[in-house]
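Down below is the structure, laid out as structure tokens.
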Amino acid sequence: LFCLLAFASYVNALHFYLDASERRCFIEELPTDTVVEGHYRALEWKERQQEYTENPVLGIQVDVEEVETGHSVVRTRGPSDGKFTFTSHEAGDHSICLGTNYSTGWFEANTHIRLYLDIVVGSSKPNIEQDRSHVSNIASKIKDLSIKLEDIRREQQYQREREANYRDLSEATNARAVWYSVVQIVVLVGTCIWQLQHLKRFFEDRKAR
């Protein structure tokens, strides 16, 4: 049970560097109706202090798209320390891109940014403080378990759909290979018959002479 709960929701935490004019994108494969929460924090390099510090003017642009359809899921601009949340409507790869609100001027384009990013994939955790007045602690845990089990069921359904697609593709490829072999055999047999007839006519002509 603990192993299943470990896969129900997972967190991706990282940090990376980029210039003010750059944009970094990450691909996240998601099942249908999966809640994704992201928290980012951007620090700007200051030559005078020789360290990365917070800049209240610095803003972060977040764009999330479905890779297959190109549908925009999130397009928002927030402060240097903020969050974003979205729910996947279709199963598949999702592109999560982050950039700054700086223009492409020479001075701003040479500004270096350190960006911290935490991505939590899975259903949102219910508000325990709000539910505490209505349900007991055991009921709250059962509710959490039910939500996580639903995430596992949705992930398994998504994997079954992918397996069915790969199976159909393999069967179609095998069928094409069989027909290609049949066509090759027909061509070879036809070529042999034509050559035998040609040789027969050749020897008959030689014999007639």
Subject >> Any Phe16 side-chain heavy atom under 4.5 Å of Leu18 side chain >> reply: yes

**OP:** Fit a plane to each ring of His71 and His89, take the angle between them on a 0 to 90° scale, and name the class: parallel (under 30°), tilted (30 to 60°) or perpendicular (over 60°).
**Re:** perpendicular

Original post:
Does Thr34 reach the side chain of Thr87, with side-chain heavy atoms less than 4.5 Å apart?
Top reply: no

Original post:
With a 3.5 Å cut-off and no angle check, do the side chains of Arg114 and Tyr52 form a donor-acceptor pair?
Top reply: no

Subject >> Side-chain heavy atoms of Trp45 within contact of Tyr17, under 4.5 Å >> reply: no

Original post:
Are Glu66 and Thr69 close enough that a side-chain donor and a side-chain acceptor fall under 3.5 Å?
Top reply: yes

**OP:** Report the distance from atom CZ of Arg24 to atom CG of Leu115, rounding to the nearest 0.5 Å.
**Re:** 9.5 Å

Original post:
Taking all non-hydrogen atoms of both residues, which atom of Val74 and which atom of Thr76 are closest, and how far apart?
Top reply: CG1-CG2, 3.7 Å

Original post:
Short question: side chain of Glu22, backbone of Asp19 - any donor-acceptor pair under 3.5 Å?
Top reply: yes

**OP:** Please tell me if the side chains of Val120 and Val36 come closer than 4.5 Å, counting only heavy atoms from C-beta onward.
**Re:** no

Original post:
Just by distance, do the side chain of Ser146 and the backbone of Ile142 share a donor-acceptor pair under 3.5 Å?
Top reply: no

Original post:
Quick one: are Thr111 and Glu44 in side-chain contact, heavy atoms under 4.5 Å?
Top reply: yes

Subject >> Cluster overlap Ile185 with Val187, hydrophobic side-chain contacts below 4.5 Å >> reply: no

Original post:
Within the side chain of Ser88, is there an N or O that forms a donor-acceptor pair under 3.5 Å with the backbone of Pro31?
Top reply: yes

**OP:** Report yes or no: do Glu155 and Gln159 form a side-chain donor-acceptor pair below 3.5 Å?
**Re:** yes

Original post:
Under 3.5 Å, is there a donor-acceptor pair between the Tyr166 and Arg162 side chains?
Top reply: yes

**OP:** Just do the salt bridge (charged side-chain N to carboxylate O under 4.0 Å, His left out) check on Arg23 and Asp63 with the steps written out, would you?
**Re:** CA-CA 10 Å; Arg23 218 169 68 127; Asp63 296 312; 2.9 Å; yes

Original post:
Any donor-acceptor pair under 3.5 Å linking the side chain of Thr85 with the backbone of Glu37?
Top reply: no

Original post:
Can Arg154 and Gln157 be counted as having a side-chain donor-acceptor contact under 3.5 angstrom?
Top reply: no

Subject >> Glu65 backbone acceptor or donor facing Arg75 side chain under 3.5 Å >> reply: no

Original post:
Should Leu43 and Glu54 count as side-chain neighbours, where that means a heavy-atom distance under 4.5 Å?
Top reply: yes

Original post:
How about Lys46: does its NZ atom have over 12 heavy atoms from other parts shown lying under 6.0 Å from it?
Top reply: yes

Original post:
Is the closest side-chain heavy-atom distance between Ile27 and Val67 below 4.5 Å?
Top reply: yes

Original post:
Is there a donor-acceptor pair under 3.5 Å between the side chain of Gln50 and the backbone N or O of Glu47?
Top reply: yes

**OP:** Would you give the length of the straight line joining atom CZ of Arg41 to atom CG of Leu117, rounded to the nearest 0.5 angstrom?
**Re:** 13.5 Å

Original post:
What closest approach, in Å, do Phe86 and His94 show between heavy atoms, and which atom pair accounts for it?
Top reply: CE1-CD2, 4.3 Å

Original post:
Taking atom types as modelled, is there a side-chain donor on Asn165 or Glu163 under 3.5 Å from an acceptor on the other?
Top reply: no

**OP:** Using a cut-off of 6.0 Å, state whether more than 12 heavy atoms not belonging to Arg176 lie near its atom CZ.
**Re:** no

**OP:** Drop me the distance from Ser80's OG to Tyr116's OH, to the nearest 0.5 angstrom.
**Re:** 13.0 Å

**OP:** Decide if atom CD of Glu90 counts as having more than 12 heavy atoms of other residues, nucleotides or ligands within a radius under 6.0 Å.
**Re:** no

Original post:
Is there side-chain contact between Tyr158 and Leu30, with heavy atoms separated by less than 4.5 Å?
Top reply: no

Original post:
Does Leu14 share a hydrophobic cluster with Phe84, counting links as ILVMFWY side-chain heavy atoms below 4.5 Å and allowing steps through other members?
Top reply: yes

**OP:** May I ask you to say whether Asp151 pairs ionically with Lys148, meaning some side-chain N is under 4.0 Å from a carboxylate O?
**Re:** no

Original post:
Where do Glu150 and Arg153 land on the salt bridge (charged side-chain N to carboxylate O under 4.0 Å, His left out) test, with the steps shown first?
Top reply: CA-CA 5 Å; Glu150 179 64 21; Arg153 186 199 63 78; 2.6 Å; yes

